[in-house]
Amino acid sequence: MSALQPARGTRDLIGEDARRHFHVIETARRIAAVWGFDEWATPVFEDTRVFARGLGDTSDVVMKEMYTFADRGGDSITLRPEATAGICRALVSNGLTQTLPQKVFYTGPMFRYERPQKGRYRQFHQIDVEVLGSPEPLADAEVIACGWTILQALGVAKDVTLELNTLGDKASRDAYRAALVDYFSAHKSSLSEDSLARLERNPLRILDSKDEGDRHVVAGAPVIDPHLTPDAARFYDGVRRHLTHFSIPFVENRRIVRGLDYYSHTAFEFVTSALGAQGTVMGGGRYDGLVEEMGGPHTPCIGWAAGVERLAMLLAAPPAPPAPVAVIPVGEAAEAAAIGVLQVLRAAGIRAEAEYRGNLKRRMERANRAGARAAIILGDDEIARGVAQLKNLASGMQSEVKLAELAAKLG
RNA sequence: GCGGACGUAGCUCAGCUGGUAGAGCGCCAGGUUGUGGUCUUGGAUGUCGUGGGUUCGAGCCCCAUCGUUCGCCCCA
């Protein structure tokens with residue numbers, strides 16, 4: 001037990017955990033491709049300014065959760081806490097603001113120095129879908145619909161609800177923010193300590209509070225609707241309309257707020273009650289100002305990120321590992337022949353393993369434990385006649401098959 | 001960062017009011033000649049998370065520390 005363990009908040013992906021994890025990523029990748037998204041990859045670490053600038057200096061992620069350090073050259077480097085800022089930086093760095101829109105699929109590890117919990121790790125993984133450079137509400141609906149399709153393909157949609165909100169444009173948000181500050185300031189005595197701090201930094205977040213007392217105050221808080229500018233209201237209408245065209249069920253929730261500062265207009269979360277405190281499984285929104293923060297032109301964008309670990313936990317059953325065919329040589333001469341058979345099967349795309357330890361009984365046991373669907377038994381007698389014994393391990397049926405026909409028979 | 005629970009073989013766990021560790025599963029090897037899944041016999045494995053303390057003696061008591069977990073916070 002004194003052996004080295006993975007660092008706090010990190011974990012190894014092996015066996016079923018690995019199968020769940022990669023099933024989520026592969027499913028998302030496949031569907032995003034069909035929806036017209038191209039996969040990008042950007043560096044795992046970036047100049048600290050990419051995140052400090054992008055995410056906003058009031059967010060907890062920037063203030064106390066980043067893995068930031070000086071590298072050997074003295075530059076301030078940060079392990080990315082999320083993907084979007086790096087994607088926007090890459091858009092600008094590569095001059096792609098000239099060829100918009102860009103539809104991007106992304107997956108990879110992210111890093112946040114948090115207190116670990118189930119569904120919350122210091123190294124965790126996200127899948128992301130972003131449309132860069134598209135100001136139309138149709139883009140919002142398409143991005144959300146793509147996410148919903150992925151959740152359906154994973155079989156978790158039944159446990160998940162789409163909650164939708166608008167944060168309005170900057171004018172709307174500023175007006176609403178002022179109204180909230182007024183309201184909450186008048187109710188300071190009823191607010192929790194946490195919310196008093198939020199009143200200074202990010203009053204919108206109070207709407208999200210789980211504190212019993214806060215909720216009473218929040219119930220009477222102003223809503224954003226009367227503060228929406230005509231443009232912002234029209235935009236939100238468009239998003240809702242297109243979502244129904246995509247046949248995506250959603251509920252409106254005026255308390256949805258995004259954690260990072262770059263969001264405006266559309267905000268949404270796919271939530272579940274199946275994961276305790278980590279209920280948000282996919283979340284995103286519109287961020288029209290982020291590319292400018294990275295030094296590019298004004299570029300309206302919309303996207304979401306989903307936690308791979310959380311989705312993996314929601315999967316009912318992990319996909320079964322592919323069943324191999326076991327090749328079992330009996331005797332020394334047969335080992336050479338077995339290698340030939342392995343080559344042929346694998347070249348034909350058939351997962352195949354050799355079992356060559358112990359007596360035949362052991363080899364069969366191993367084949368069975370490996371989950372093999374069939375065993376190919378090769379002895380001197382068979383080799384001399386150019387055949388093999390092919391045994392179906394599920395039915396127990398065994399028959400003699402010509403070596404040349406094995407691959408076709410098993411394909 | 002705050003509060004609660006937990007930490008014993010690879011895994012799941014048991015261990016009575018303190019007397020130097022057990023089960024099931026798994027693993028390894030057998031049950032005679034080239035055939036698995038059932039059955040059966042035998043075997044290996046733990047510095048009882050770590051470090052201190054109390055005691056004649058601690059897996060069981062106390063303290064600290066690390067880790068996991070639940071809630072808060074935050075967020076995917």
Side-chain angles (χ1 to χ4, degrees), chain A residues 1-11 14-15 24 55 58-65 81-84 107-128 147 192-195 197-198 201-202 205 208-212 214 256-260 269-272 275-284 303-314 326 328-331 334 355 357-382 388-398:
Chain A
M1 272 321 239
S2 60
L4 259 25
Q5 297 296 311
R8 179 164 217 223
T10 68
R11 58 187 206 136
I14 296 172
V24 170
L55 313 196
T58 67
S59 72
D60 277 25
V61 171
V62 172
M63 290 202 303
K64 46 190 195 192
E65 293 178 0
E82 57 105 48
T84 309
T107 182
M110 310 294 158
F111 305 85
R112 257 120 97 157
Y113 189 84
E114 296 189 274
R115 179 145 171 183
Q117 228 176 86
K118 195 195 210 89
R120 189 170 84 181
Y121 303 97
R122 289 183 173 182
Q123 175 178 331
F124 61 105
H125 300 77
Q126 289 186 331
I127 50 180
D128 279 66
S192 66
E193 215 171 293
D194 282 331
S195 286
R198 285 188 276 235
R201 284 195 290 123
N202 191 351
R205 276 241 90 100
D208 218 13
S209 175
K210 288 176 187 164
D211 181 86
E212 193 66 27
D214 286 353
I256 296 275
V257 175
R258 302 273 69 226
L260 307 176
E269 289 183 4
F270 287 91
V271 299
T272 177
L275 292 178
Q278 274 62 244
T280 301
V281 109
M282 178 182 282
W304 53 252
V308 175
E309 285 82 358
R310 292 180 187 180
L311 289 172
M313 280 190 287
L314 285 179
I328 302 181
V330 182
E355 299 296 350
R357 272 183 62 190
N359 56 29
L360 182 55
K361 179 182 160 72
R362 286 282 168 242
R363 297 180 192 205
M364 289 298 287
E365 275 178 12
R366 287 179 176 286
N368 192 57
R369 235 178 301 141
R373 53 196 242 247
I376 294 170
I377 301 160
L378 279 170
D380 293 342
D381 174 48
E382 283 83 6
Q389 300 299 327
L390 176 60
K391 181 166 187 174
N392 180 317
L393 289 182
S395 67
M397 298 289 286
Q398 183 169 322

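We name chains A, B, ... by the order of the sequence lines, and we start the count at 1 in each one.
For A/Leu393, the side-chain atoms get nearest to B/G36 when compared with the rest of B/C73, B/A76, B/G36. Distances were taken from every side-chain heavy atom of A/Lys361 (C-beta onward) to each of B/C75, B/G31, B/C72; the shortest belongs to B/G31. Distances were taken from every side-chain heavy atom of A/Lys118 (C-beta onward) to each of B/G34, B/U69, B/G36; the shortest belongs to B/U69. Looking at the side chain of A/Asp194, the nearest of the listed nucleotides B/C73, B/G36, B/C74 is B/C73. The nucleotide whose nearest atom lies closest to any side-chain atom of A/Arg205 is, among B/U69, B/C74, B/G67, B/C74. If you check B/G30, B/C73, B/U35 against the side chain of A/Arg362, the one that comes closest is B/G30. Across B/U68, B/U35, B/C75, the shortest atom-to-atom separation from the side chain of A/Ile377 is found for B/U35.
Taking atom C1' in both B/G15 and B/G59, one finds a spacing of 8 Å when rounded to whole Å. Nucleotides B/C16 and B/C62 are separated by 15 Å at their P atoms, to the nearest Å. Going from the P atom of B/G36 to that of B/G31 covers 12 Å, rounded to whole Å. Taking atom P on both nucleotides, B/A44 is separated from B/G34 by 29 Å, rounded to a whole Å. Comparing the P positions of B/U20 and B/C39 gives an interatomic distance of 35 Å, to the nearest angstrom. Taking atom C1' on both B/C25 and B/A14, the two are 14 Å apart, rounded to the nearest angstrom. Between B/A21 and B/G37, the distance separating the two P atoms is 36 Å to the nearest Å. Nucleotides B/G10 and B/G46, compared at atom C1', are 11 Å apart to the nearest Å.
We find that CD1 of A/Ile256 is positioned 12 Å from C1' of B/C75, with the value rounded to whole Å. When rounded to the nearest whole Å, the span between CD of A/Glu82 and C1' of B/A76 equals 11 Å. Computed from coordinates, the A/Leu360 CG to B/G36 P distance equals 8 Å when rounded to whole Å. A/Met397 places its CE atom 19 Å from the P atom of B/G37, with the value rounded to the nearest Å. Atom CZ of A/Arg8 is separated from atom C1' of B/U65 by 12 Å (rounded to the nearest Å). Rounded to an integer number of Å, the gap from CG of A/Asp211 to P of B/C73 is 8 Å. Atom CD1 in A/Ile328 sits roughly 8 Å away from atom C1' in B/U35 (whole-Å rounding). In this entry the distance linking CD of A/Gln123 with P of B/A76 reads 17 Å, nearest Å.
Between the side chain of A/Arg310 and the base of B/C75 there is at least one donor-acceptor pair of N/O atoms closer than 3.5 Å. Applying the 3.5 Å distance criterion, the base of B/U68 shares no donor-acceptor pair with the side chain of A/Gln117. The base of B/G36 sits within donor-acceptor range of the side chain of A/Lys391, with an N or O pair under 3.5 Å. Judged by distance alone, with hydrogens and angles left aside, A/Asn368 brings no side-chain donor or acceptor close enough to the base of B/G37 to form a pair under 3.5 Å. Donor-acceptor pairing under 3.5 Å, judged by distance alone, is absent between the side chain of A/Arg366 and the base of B/G37. Side chain A/Arg120 to base B/C74: a donor-acceptor pair is found below 3.5 Å. Interface remark: the A/Glu114 side chain does not form any donor-acceptor pair with the B/G1 base, using a distance-only criterion of under 3.5 Å.
Using a 4.0 Å heavy-atom distance criterion, A/Ala305 is classed as a sugar-phosphate-only contact. At the heavy-atom level, A/Arg11 lies nowhere under 4.0 Å from the strands shown. Residue-level contact check: A/Ala394 touches the bases, meaning some heavy atom is under 4.0 Å from a base atom. Among the heavy atoms of the strands lying under 4.0 Å from A/Gly396 is at least one base atom, whether or not backbone atoms are also near. Nucleic acid contact for A/Glu382: base, since at least one base atom lies under 4.0 Å from a heavy atom of the residue. Using a 4.0 Å heavy-atom cutoff across all strands shown, A/Gly9 reaches sugar-phosphate atoms only and no base atom. Residue contacts shown for A/Glu269 are absent, as no nucleic acid heavy atom lies under 4.0 Å away. Across all strands, A/Asp128 comes closer than 4.0 Å to no nucleic acid atom at all (heavy-atom distances).
The base-pairing partner of B/G71, taking Watson-Crick or G-U wobble contacts with both distances under 3.5 Å, is B/C2. Under the Watson-Crick and G-U wobble criteria, each requiring two contacts below 3.5 Å, nucleotide B/A21 is left unpaired. Base pairing of B/C16 is not made with any nucleotide, judged by Watson-Crick or G-U wobble geometry with both donor-acceptor distances under 3.5 Å. Nucleotide B/U65 forms a Watson-Crick or G-U wobble pair with B/G49, both donor-acceptor distances falling under 3.5 Å. Across all strands shown, B/C27 forms a Watson-Crick or G-U wobble pair, both distances under 3.5 Å, with B/G43.
The closest donor-acceptor contact from the side chain of A/Arg120 to the backbone of A/Arg115 lies under 3.5 Å. A/Arg310 contributes a side-chain N or O that, together with a main-chain N or O of A/Gly119, makes up a donor-acceptor pair within less than 3.5 Å. Although no hydrogens or angles enter the test, the distance criterion places no donor-acceptor pair under 3.5 Å between the side chain of A/Gln123 and the main chain of A/Gly9. Side-chain atoms of A/Arg122 come within 3.5 Å of backbone N or O of A/Glu114 as a donor-acceptor pair. A donor-acceptor pair under 3.5 Å is formed between the side chain of A/Thr10 and the backbone N or O of A/Ala7.
A side-chain N or O of A/Ser209 and one of A/Asp214 form a donor-acceptor pair less than 3.5 Å apart.
For the side-chain contact (heavy atoms from CB on, under 4.5 Å) with A/Trp304, the lone residue among A/Met282, A/Gln126, A/Glu269 that qualifies is A/Met282.
Within the 4.5 Å cutoff, the side chain of A/Met313 has no heavy atoms near those of the A/Thr272 side chain.
Along RNA chain B, the nucleotide nearest A/Gly119 and the nucleotide nearest A/Arg369 are compared for position; the residue whose nucleotide lies closer to the 5' end is A/Arg369. Between A/Arg115 and A/Phe270, the residue whose closest nucleotide on RNA chain B is further toward the 5' end is A/Arg115.
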Verdict with reasoning, A/Glu355 to A/Met364, per side chain to side chain contact (heavy atoms under 4.5 Å, CB included):
CA-CA 8 Å; A/Glu355 299 296 350; A/Met364 289 298 287; over 6 Å; no
